[in-house]
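Scroll down for the structure; my scribbles are underneath it.
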Amino acid sequence: MPVVVGLWCVAGFIAIAAVAIAIGRFSRASALIYGASLLVSLAALAFGLQHLIGAGFPDMVDYPLGVPGIGAHFRLDALSAFFLVVINLGGAAASLYAIGYGRHEIAPLRVLPFFPAYLGGMNLVLLADDAFSFLVAWEFMSLTSWALVLANHRAPENVRAGYIYLVMAGFGTLSLLLAFGLLAGPDGSYAFESIRASHPVPFVAALTLLLTLLGAGSKAGLVPLHVWLPLAHPAAPSHVSALMSGVMTKVAVYGFIRIAFDLLGEPVWWWSLIVLAIGAITAVIGILYALMQRDIKRLLAYSTVENIGIVFIGLGLALAFRANKMELPAALALTAALFHVLNHSLYKSLLFFGAGAVLTATGKRSLEDLGGLIHRMPNTAIVVLIGCAAISALPPLNGFVSEWMIFQAILVGPQLPQWGLRFMVPTVGALLALSAALTAACFVKAYGVMFLGRPRTPAAEAATDADRFSLSAMFILAAFCFCAGVLPGLVIDILAPVAQSLLGARMPVQVHLPFSLAWASILPIAESRSSYNGFIILAFLVISGTFTAMFIHRFATRATRRSAIWDCGYPDPSVATQYSSSSFVMPIRRVFGATVFDVRRSLDMPRPGETRPGSFHLKVWDPVWRYFYGPVARLVLRSATVLNQLQFLTIRRYLTLVFATLILLLMVVAAWR
Amino acid sequence: MALMAEIAAQAVQMLLVLAIAPLMLGITRKVKARLLRRIGPPIWQPYLDLWKLMHKEAVLAHNASWLYRTAPYLVFAATWVAAALVPTYATNLMFSWSADLIAIVALLGTGRFALALAGMDVGTAFGGIGSSREMLIASLAEPAMLLVVFTVALIAGTTQLSVIAETFIGGVGVRVSLGLALLAFVFIAVAENARIPIDNPATHLELTMVHEAMVLEYSGRHLAMIEAAAALKLMLYFSLLACLFFPFGMATKDQSEIALAIGLGSYLAKLVVLAALLPIGETAVAKMRVFRYPIFLGSAFAAAALAVFLLFVSRGGL
């Protein structure tokens with residue numbers, strides 16, 4: 001009974017949370033709680049992986065819990081097993097990291113009980129097999145993470161972040177609630193099993209898809225519902241930020257895949273237009289805003305928005321191909337999206353851990369206060385460099401593989417019969433290429449300003465490297481990034497059951513015996529003649545690089561002299577003359593400025609002869625606040641003011657209102673029949 | 001034995017591109033000098049420069065990190081591998097399947113990532129300005145380049161360079177989309193190789209410079225590696241241009257000695273023509289301001305996007 005094992009893991013997490021409430025005040029409790037979370041995560045990880053590799057059959061169990069007549073259904077299939085792997089890999093890494101990192105927590109009781117509960121909630125979402133359990137688990141996950149966002153509740157910006165997160169999470173759950181209501185139909189069959197068997201009329205199905213996009217998209221961070229991510233993710237402690245950004249957004253992706261690919265049945269082609277357009281816009285907007293950030297954790301949160309956009313591009317392509325009965329390209333696109341889900345969970349967790357290590361060492365989150373950390377935090381510098389290279393989609397690391405696969409899926413696009421898609425797919429391809437290139441710029445900036453150059457503050461100068469536990473968590477994730485990039489065929493083969501169960505087709509078998517030179521190369525679709533081999537590329541790079549270095553050291557010279565910085569003969573001792581985060585992105589801000597950013601600058605230049613200092617202020621706003629949320633908030637406020645009068649009526653008027661409503665409803669019912 | 005021969009062929013290709021890359025740079029400089037009515041250095045001058053730099057001691061700033069010292073080798077290795085994977089005189093080289101055109105573009109990205117980081121390592125204003133502008137140019141040029149890749153891939157039905165070259169040798173007729181892609185490719189190549197009007201490889205100490213500012217602190221063998229990588233990159237773009245748009249003469253199915261000799265001869269001839277054409281174009285235009293780059297690269301992007309749209313609406317995909 002595999003699914004019961006999964007439920008035991010959830011129960012384990014809840015039990016740890018209960019224990020944490022009891023013993024949280026003791027100083028040793030943190031290591032114990034995180035250690036226990038690590039063990040349970042590893043168990044759930046092993047269990048998910050075993051189901052995925054063994055390609056086991058879906059396993060179900062019902063309990064007479066919850067709403068009478070519905071009960072609680074739980075199910076484990078390939079899709080949930082894959083997401084179990086992703087989530088518990090992130091969860092295990094975060095727990096390991098927190099054994100060291102959690103020691104610095106100021107108020108441990110505000111974090112310790114919620115952390116395992118949060119992990120349990122995410123696991124439960126994946127196992128739920130009816131709308132009721134799904135929404136309860138989803139809301140549990142939202143609320144525990146909200147509590148974690150408010151771990152440091154004295155900072156006013158955290159309170160604001162928590163408020164906005166709560167509003168957005170409530171909105172998302174409401175949308176999902178309505179989506180499930182539509183799916184369940186008039187009979188109210190809330191079990192996924194009966195939803196799968198029913199076939200909603202196209203209009204209802206489309207409405208459900210839109211509601212799912214709103215519900216799952218608000219959790220995942222699709223533009224324009226992304227605004228809470230850059231506020232809430234940085235507010236939490238760094239290991240929780242890693243979970244929220246690297247892992248919880250994946251639960252949202254799971255929710256979307258579960259409804260759009262599993263429950264809704266056959267898609268209609270124009271659905272994919274919406275998903276593709278939103279995905280592409282999210283990718284480009286996310287990375288452009290990530291570029292503009294000075295706060296490292298906000299930068300990472302915006303970059304999560306971008307990566308979610310890339311995942312949705314893959315999902316949109318899969319929907320488009322599936323609607324046209326092109327199973328093989330659909331399997332390619334879906335596998336690419338899932339691969340990207342895995343990749344993003346690996347490197348985003350790694351980068352948030354790195355940001356946490358820097359935050360612990362220096363107390364600074366702003367890039368403008370850092371610099372030169374490669375000398376003071378050498379181990380952290382190495383793993384963060386791997387994370388930055390992986391997220392920038394550089395071969396031979398893993399980020400490149402999933403983007404390569406999405407590009408290959410885009411190149412199948414001209415076979416799509418609909419004209420709308422034929423215009424949309426190349427546009428999406430161009431935007432994806434743009435966002436990939438901007439990602440590299442973004443992470444050159446982040447790494448360069450944070451770890452390279454000269455220290456910009458005394459705090460950065462006095463930094464020391466992270467502790468053993470944090471470092472080992474980061475090294476493990478970096479190793480996964482590396483392996484998934486060098487041997488992508490293994491990952492693709494492990495993902496095959498997911499595509500098989502959802503689409504009835506899979507990518508060609510990548511890793512097959514006998515062993516040959518072509519062993520590790522990946523093929524997108526058997527008929528297409530494109531291939532990529534991360535292993536050979538790595539071998540080539542290593543051999544040619546070391547060969548050249550050895551050749552020069554042996555036959556030319558290896559003499560080295562240390563000297564002062566040259567800088568064209570005019571080195572300036574002031575560290576302020578270095579390029580900073582804002583100056584690095586200034587050209588890009590100017591290029592895209594007029595269209596994408598809401599930039600407010602104020603320049604105060606003293607006249608010649610005046611002795612007061614000049615000043616320059618720059619504030620980059622997300623225009624979605626001004627043009628989308630501002631009007632919405634004003635509308636809500638205005639209608640609340642109008643409706644407020646209802647609060648102060650006499651009893652007679654209330655009775656009149658009640659009576660009128662009753663009559664109205666009865667008339668509606670009469671007209672309906 | 002067949003395996004050994006294939007490995008040997010791949011090794012020959014790797015050494016060939018490395019051996020003639022500085023020569024192409026030399027020819028370019030010589031032609032440019034003659035166009036400016038200077039005598040100019042001999043065409044083998046880049047070899048002498050590299051030799052001299054390699055034997056000089058490397059001067060490092062006190063705060064230079066390990067990244068600063070390893071980046072030149074990484075840049076060189078990435079560029080060399082990318083250059084070696086472009087079919088030059090023959091298709092179907094042994095490792096050509098291990099990386100397609102998208103991977104080659106991305107490998108150049110790996111090199112650029114390392115170099116841009118190295119530019120920021122010492123913490124100078126010049127290094128920062130170079131890195132910042134290099135990444136600006138890359139973020140505008142790379143999408144355009146990928147659209148060019150899409151264009152040729154959609155015509156040939158694959159992103160594999162060998163197959164693309166063979167398809168094009170087989171004849172695909174005159175196509176508007178290929179013409180647009182060629183235009184875009186030339187623009188991108190000029191920008192990526194830091195040539196006029198985007199950048200001026202011959203200047204130092206000028207605030208408009210990009211690539212040279214980024215590598216300003218480098219000296220000795222590290223600088224030699226970076227210069228060699230720059231020569232290889234130019235060579236790679238020449239090879240790509242020849243392979244994608246003028247693939248005639250290349251040895252394909254028939255790998256006999258005569259076919260290989262014809263392939264090699266025509267390849268070298270194409271390179272020399274391109275190396276001579278580049279400075280002619282460079283002397284005809286003036287260097288651009290930094291904030292005009294988006295117009296230049298945006299037109300490349302627009303041309304490539306138009307080519308892709310034409311293909312998407314007119315034919316089937318892979």
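Note: hydrogens, waters and symmetry copies are ignored here, and every other heavy atom, side chains too, is used.
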**Item:** Contact class of B:Met225 relative to chain A, heavy atoms under 4.5 angstrom
**Value:** side chain
**Asked** Side chains of A:Gln408 and A:Tyr532: does their closest heavy-atom pair fall under 4.5 Å?
**Response** no
**Message:** At a 4.5 Å cut-off on heavy atoms, which part of B:Ala305 comes close to chain A: side chain, backbone, both, or neither?
**Reply:** neither
**Request:** Evaluate the side-chain hydrogen bond (donor to acceptor under 3.5 Å, both in side chains) criterion for residues A:Thr577 and A:Ser574: first the C-alpha distance (whole Å), next the side-chain angles of each, then the deciding distance (0.1 Å), finally the verdict.
**Result:** CA-CA 6 Å; A:Thr577 56; A:Ser574 164; 5.0 Å; no
**Asked** What part of B:Val81 is in contact with chain A, defined as an atom under 4.5 angstrom from a non-hydrogen atom: side chain, backbone, both or neither?
**Response** side chain
**Asked** What closest approach, in Å, do B:Ser139 and A:Leu434 show between heavy atoms, and which atom pair accounts for it?
**Response** O-CD1, 3.6 Å
**Complete:** Partner of B:Glu57 under salt bridge (Lys or Arg N to Asp or Glu O under 4.0 Å), picked from A:Arg562, A:Arg561, A:Arg558, is A:Arg561
**Asked** With respect to chain B, which residue among A:Gly545, A:Gly448, A:Gly429 yields the maximal number of heavy-atom pairs within a distance under 4.5 Å?
**Response** A:Gly448
**Prompt:** With only heavy atoms counted, which part of B:Thr70 is less than 4.5 Å from chain A, the side chain, the backbone, both or neither?
**Reply:** neither
**Message:** Given heavy-atom pairs under 4.5 angstrom as the criterion, report whether the side chain, backbone, both or neither of A:Phe400 touches chain B.
**Reply:** side chain
**Fill in**
If one checks every heavy atom of B:Trp51 against chain A at 4.5 Å, the contacting part turns out to be neither
**Complete:** Cut-off 4.5 Å, heavy atoms of chain A, and the answer for B:Ala228 is neither
**Prompt:** Quick one: what part of B:Leu101 sits under 4.5 Å from any heavy atom of chain A, side chain, backbone, both or neither?
**Reply:** neither
**Prompt:** Based on non-hydrogen pairs under 4.5 Å, which of A:Pro378, A:Pro426, A:Ala556 is most in contact with chain B?
**Reply:** A:Pro426
**Prompt:** Checking side-chain hydrogen bond (donor to acceptor under 3.5 Å, both in side chains) for the pair B:Arg221/A:Thr560: CA distance, chi angles, key distance, verdict?
**Reply:** CA-CA 10 Å; B:Arg221 58 178 181 273; A:Thr560 307; 3.0 Å; yes
**Prompt:** Considering all heavy atoms of both residues, which atom of A:Ile382 and which atom of A:Tyr447 are nearest to each other, and what is their separation?
**Reply:** N-OH, 4.5 Å
**Request:** Please say which of A:Asn533, A:Leu538, A:Ile536 ends up in a side-chain contact (heavy atoms from CB on, under 4.5 Å) with A:Pro396.
**Result:** A:Leu538
**Message:** Applying side chain to side chain contact (heavy atoms under 4.5 Å, CB included) to B:Val210 and B:Ile198, what does each step give before you reach the verdict?
**Reply:** CA-CA 9 Å; B:Val210 182; B:Ile198 291 293; 5.5 Å; no
**Request:** Against chain B, work out which of A:Ser583, A:Ala433, A:Cys388, A:Pro329 has the most heavy-atom pairs shorter than 4.5 Å and name it.
**Result:** A:Ala433
**Request:** Could you check B:Phe301 against B:Leu140 for side chain to side chain contact (heavy atoms under 4.5 Å, CB included), going step by step and ending with a plain yes or no?
**Result:** CA-CA 8 Å; B:Phe301 184 81; B:Leu140 296 169; over 6 Å; no
**Prompt:** At what distance, to the nearest 0.5 angstrom, does OG1 of A:Thr427 lie from CG of A:Leu432?
**Reply:** 12.0 Å
**Request:** Looking only at non-hydrogen atoms, find the nearest pair between B:Leu136 and B:Val290 and report the distance.
**Result:** CD2-CG1, 4.5 Å
**Complete:** Whatever's closer than 4.5 Å to a heavy atom in chain A on B:Ile102 counts as both
**Segment of B:Phe113 engaging chain A (4.5 angstrom heavy-atom cut-off)** = both
**Prompt:** Non-hydrogen atoms of chain B under 4.5 Å away: do they reach the side chain of A:Ile552, the backbone, both or neither?
**Reply:** side chain
**Asked** Among A:Gly569, A:Ala441, A:Gly371, which has the most heavy-atom pairs under 4.5 Å with chain B?
**Response** A:Ala441
**Under 4.5 Å from any heavy atom of chain B - which part of A:Ser392** = side chain
**Asked** Do you know which of B:Ala103, B:Ala116, B:Gly109, B:Ala304 has the most heavy-atom pairs with chain A at a distance under 4.5 angstrom?
**Response** B:Ala103
**Message:** For B:Arg112, which atoms come within 4.5 Å of any heavy atom of chain A: side chain, backbone, both, or neither?
**Reply:** neither
**Complete:** Bottom line for B:Leu107: the part with an atom under 4.5 Å from chain A's heavy atoms is both
**Message:** Using heavy-atom distances under 4.5 Å, tell me whether A:Leu416 contacts chain B through its side chain, its backbone, both, or neither.
**Reply:** neither
**Prompt:** Top residue by heavy-atom pair count (under 4.5 Å) with chain A, among B:Thr124, B:Leu74, B:Leu85?
**Reply:** B:Thr124
**Audit row: B:Ser132, A:Tyr579, side chain to side chain contact (heavy atoms under 4.5 Å, CB included) steps and yes/no** = CA-CA 9 Å; B:Ser132 165; A:Tyr579 249 54; 3.7 Å; yes
**Request:** Answer with yes or no whether the side chains of B:Asp100 and B:Thr159 bring together a donor and an acceptor at under 3.5 Å.
**Result:** yes
**Message:** A side-chain contact here means heavy atoms from C-beta on lying under 4.5 Å apart; do B:Thr167 and B:Ile155 qualify?
**Reply:** no
**Item:** Atom group of B:Tyr68 that falls short of 4.5 Å from chain A, counting heavy atoms
**Value:** neither
**Donor + acceptor pair across side chains of A:Asn324, A:Gln418 (<3.5 Å)** = yes
**Within-4.5 Å side-chain heavy-atom neighbours: A:Leu367 and A:Phe584** = no
**Fill in**
If one checks every heavy atom of A:Phe555 against chain B at 4.5 Å, the contacting part turns out to be backbone
**Asked** Are any of the side-chain heavy atoms of B:Leu18 and B:Phe76 separated by less than 4.5 Å?
**Response** yes
**Top contributor to chain A contacts, counting heavy-atom pairs under 4.5 Å, from B:Met54, B:His222, B:Met145** = B:Met54
**Asked** chain B heavy atoms under 4.5 Å from A:Cys442: which part of the residue, side chain, backbone, both or neither?
**Response** neither
**Request:** Let me know if A:Val575 has heavy atoms under 4.5 Å from chain B in its side chain, its backbone, both or neither.
**Result:** neither
**Request:** Check the angle between the aromatic planes of B:Phe150 and A:Phe407 and answer parallel, tilted or perpendicular using the 30° and 60° thresholds.
**Result:** perpendicular
**Message:** At a 4.5 Å cut-off on heavy atoms, which part of B:Phe291 comes close to chain A: side chain, backbone, both, or neither?
**Reply:** side chain
**Option in B:Glu142, B:Glu134, B:Met14, B:His55 with maximal non-hydrogen atom pairs under 4.5 Å from chain A** = B:His55
**Request:** With a 4.5 Å cut-off on heavy-atom pairs, point out which of A:Met586, A:Lys445, A:His375, A:Glu403 contacts chain B the most.
**Result:** A:His375
**Request:** Would you mind telling me which of A:Thr557, A:Val585, A:Val449, A:Leu438 has the largest number of heavy-atom pairs within less than 4.5 Å of chain B?
**Result:** A:Thr557
**Item:** Portion of B:Val308 that has a non-hydrogen atom of chain A nearer than 4.5 angstrom
**Value:** side chain
